[in-house]
K.L.:
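The following block contains the structure, expressed as structure tokens.
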Amino acid sequence: MRRALLISLLAVTGCASTDAPAPVGEAEALAGLRGSWTQEPKAAVRSALPPTVAGLIGDPQLLALVSKALEGNTDLRETGLRLRESGALLGVERSRLRPEVEGTLGQSRGAEGGGSASSTSSLGLALRWEVDVWGRLADQLDAAELRHAALEGDLRAARNSLAARTLRA
């Protein structure tokens with residue numbers, strides 16, 4: 001009995017903190033630093049992207065030439081396909097936040113030892129849902145959205161660069 005009491009007292013005192021509270025000025029400085037770590041909203045990242053160069057061209061012949069150069073570039077097509085792939089992966093990341101429902105239906109027929117036939121039917125339903133307590137799934141979704149936005153910006157920048165080089169040539 002005494003041994004159990006001694007162990008429980010040691011466990012409780014082991015959880016106690018001996019750190020002194022931070023001075024008020026230091027806590028405010030840490031809170032300000034934490035606020036500077038936050039990222040920009042995704043909408044602000046997308047709105048900061050430049051407009052397309054092809055939209056600035058007024059001459060129909062030059063516009064046709066730039067369009068032909070953009071359509072014939074295999075690197076741009078490949079980047080576009082990577083952007084589509086990123087969009088599909090973004091859907092997978094979004095689906096991880098939703099519950100999964102799985103249904104099964106089965107039927108079997110067999111003969112028993114006495115020669116009589118028997119049928120068996122089964123029906124099953126399973127529901128799985130990972131509760132995102134620590135925000136891991138939400139962080140993965142944010143990262144996937146930012147990767148997708150970065151690929152979108154890369155594609156737009158590559159198109160603008162090719163259009164500008166075509167105009168210069």
K.L.:
Would you kindly confirm whether Leu167 and Leu65 end up in one hydrophobic cluster when ILVMFWY residues are joined by side chain heavy atoms under 4.5 Å apart?
P.N.:
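In one cluster: no.
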K.L.:
Let me check something: any side-chain donor-acceptor pairs from residues 80-94 under 3.5 Å, sequence neighbours excluded? List them with distances.
P.N.:
{"unit_1": "Arg82", "atom_1": "NH1", "unit_2": "Glu78", "atom_2": "OE2", "d": "3.0"}
{"unit_1": "Arg82", "atom_1": "NH2", "unit_2": "Thr79", "atom_2": "OG1", "d": "3.3"}
{"unit_1": "Ser86", "atom_1": "OG", "unit_2": "His148", "atom_2": "ND1", "d": "3.0"}
{"unit_1": "Glu93", "atom_1": "OE2", "unit_2": "Arg96", "atom_2": "NH1", "d": "3.3"}

K.L.:
Measuring from atom OG of Ser121 to atom CZ of Arg109, what distance do you get when rounded to the nearest 0.5 angstrom?
P.N.:
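Ser121 atom OG to Arg109 atom CZ measures 10.5 Å (nearest 0.5 Å).
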K.L.:
Which residues end up grouped with Val133 if you chain together Ile, Leu, Val, Met, Phe, Trp and Tyr wherever their side-chain heavy atoms are less than 4.5 Å apart?
P.N.:
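Members alongside Val133: Val131, Trp134.
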K.L.:
Can you name the nearest heavy-atom pair linking Asp75 to Asn73, along with the distance?
P.N.:
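Closest pair (atom of Asp75, atom of Asn73, distance): N-OD1, 2.8 Å.
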K.L.:
Search all heavy atoms of Leu70 against all heavy atoms of Leu76 and return the closest pair with its distance.
P.N.:
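Looks like CD2-CD1, 3.6 Å.
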K.L.:
Quick one: hydrophobic cluster around Trp129, which other residues, with the 4.5 Å side-chain cut-off, linked directly or via members?
P.N.:
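Cluster partners of Trp129: none, it stands alone.
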K.L.:
Examine distances only and state if a side-chain atom of Arg77 and a backbone atom of Glu71 form a donor-acceptor pair shorter than 3.5 Å.
P.N.:
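Such a contact is found between Arg77 side chain and Glu71 backbone.
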K.L.:
Do any side-chain atoms of residues 99-108 form donor-acceptor pairs under 3.5 angstrom with protein atoms, and if so which ones, sequence neighbours left out?
P.N.:
{"unit_1": "Glu102", "atom_1": "OE1", "unit_2": "Arg128", "atom_2": "NH2", "d": "3.1"}
{"unit_1": "Thr104", "atom_1": "OG1", "unit_2": "Gly124", "atom_2": "N", "d": "3.4"}

K.L.:
Can you list the residues that meet the side chain to side chain contact (heavy atoms under 4.5 Å, CB included) rule with Asp132, with sequence neighbours excluded?
P.N.:
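Here the qualifying residues are Leu97, Arg136, Leu137, Ala138.
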K.L.:
What are the two closest non-hydrogen atoms of Leu162 and Ala69, and how far apart are they?
P.N.:
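For Leu162 and Ala69, the tightest heavy-atom pair comes out as CD2-O, 3.5 Å.
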